[in-house]
Amino acid sequence: MFPARVLAGAPLALVILALSGCSSLLCTDTTAERGEAGVRVQVEDTSGRPLGVTAEAVDWRLEPHPQVPLEGDRVHFRYRFDGADETYGPAVDACAVDRERVALGCQTVHSSQEFGPDGVLTGDAWLAVGHPEQVAGVLLIPNDQSHDGRTCEQDIKDGGGPHPPQPAGRGDKL
């Protein structure tokens, strides 16, 4: 029976296709859930596992940026990564928030762009927000944003897999 032989060989054909790189039938993308934002967070991978790195928003203040003082106050904040690798380390989203923990402005800060002794990497950044007087603090989101691989749509052969959540943005409730 010809159809029975074809059906019997179907699983083997799928394995051969997958091993040869023709795995379009097996490509899937998943997006991690956004972790709980805080002043001090344990950075986590796309599976929610801790990376052994702590990120902390050390302090913040409102002041004019020295390069564009006429634009008014911005949020100037300092942050640190404890336990990060100097050459390749995690990145997290930092957001200025109001009292309701609604993001007024966000950006991603990268540990690999900072410096410091013995695995403690420090840096500072500026956030432009529409209403600086509403800022109640700066929070960090624990999801590692340093690497977001290609999606199945971008690369059916080698794409897919877990991805970090979308970067936080203005108006997001943290």
Side-chain angles (χ1 to χ4, degrees), residues 29-151 153-154 159 161-174:
D29 289 305
T30 58
T31 302
E33 289 189 33
R34 183 177 289 162
E36 180 70 28
V39 172
R40 182 178 170 94
V41 297
Q42 293 292 321
V43 182
E44 56 191 45
D45 67 13
T46 54
S47 299
R49 291 185 302 258
L51 296 177
V53 176
T54 301
E56 179 180 9
V58 178
D59 64 15
W60 67 274
R61 61 188 169 278
L62 295 175
E63 61 186 356
H65 191 289
Q67 294 176 336
V68 285
L70 297 179
E71 291 183 5
D73 283 344
R74 293 189 178 185
V75 180
H76 184 202
F77 67 100
R78 291 185 318 122
Y79 57 91
R80 66 187 273 158
F81 287 91
D82 292 321
D85 185 309
E86 288 181 18
T87 55
Y88 175 79
V92 296
D93 288 338
C95 298
V97 297
D98 65 12
R99 288 194 176 122
E100 305 295 318
R101 294 175 60 110
V102 174
L104 303 172
C106 301
Q107 76 178 56
T108 303
V109 293
H110 299 262
S111 64
S112 61
Q113 296 176 349
E114 308 312 335
F115 59 91
D118 302 323
V120 179
L121 306 175
T122 61
D124 72 316
W126 296 82
L127 290 168
V129 296
H131 297 280
E133 71 279 0
Q134 294 178 352
V135 176
V138 174
L139 299 178
L140 303 177
I141 300 171
N143 305 90
D144 182 11
Q145 295 284 348
S146 66
H147 179 71
D148 187 8
R150 299 178 62 79
T151 64
E153 185 176 308
Q154 294 167 326
H163 302 279
Q166 289 295 316
R170 201 169 281 180
D172 288 354
K173 175 86 169 158
L174 305 179

Just how far is it from atom [atom1] of [X] to atom [atom2] of [Y], taken to the nearest 0.5 Å?
| X | Y | atom1 | atom2 | answer |
| --- | --- | --- | --- | --- |
| Asp98 | Lys173 | CG | NZ | 7.5 Å |
| Gln67 | Trp126 | CD | CH2 | 9.5 Å |
| His76 | Asp124 | NE2 | CG | 3.5 Å |

Please find the pair of heavy atoms, one from [X] and one from [Y], that lie closest to each other, and give the distance.
| X | Y | answer |
| --- | --- | --- |
| Cys106 | Ala168 | CB-O, 3.5 Å |
| Thr31 | Pro164 | CG2-O, 3.7 Å |
| Gly35 | Ile141 | O-CG2, 4.1 Å |
| Trp60 | Val75 | CE3-CG1, 4.2 Å |
| Val39 | Leu140 | O-CD1, 4.0 Å |
| Pro66 | Pro69 | O-CD, 3.5 Å |

Taking [Y]'s backbone N and O only, do any of them form a donor-acceptor pair with [X]'s side chain (distance below 3.5 Å, no angle check)?
| X | Y | value |
| --- | --- | --- |
| Arg80 | Glu56 | no |
| His110 | Ser112 | no |
| Ser111 | Pro90 | yes |
| Arg74 | Leu127 | no |
| Asn143 | Glu33 | yes |
| Asp144 | Asp45 | no |
| Arg101 | Leu139 | no |

Around atom CD of Glu153, are there more than 12 heavy atoms of other residues, nucleotides or ligands at under 6.0 Å? no

[Y] side chain reached by [X] side chain, heavy atoms, under 4.5 Å:
| X | Y | answer |
| --- | --- | --- |
| Cys95 | Leu174 | yes |
| Tyr79 | Val138 | no |
| Pro165 | Gln145 | yes |
| Thr108 | Val92 | no |
| Arg40 | Asp82 | yes |

Does the distance from a Lys or Arg side-chain N to an Asp or Glu carboxylate O, for Arg34 and Asp93, drop under 4.0 Å? no

Verdict with supporting geometry, Asp172 and Val102, side chain to side chain contact (heavy atoms under 4.5 Å, CB included): CA-CA 6 Å; Asp172 288 354; Val102 174; over 6 Å; no

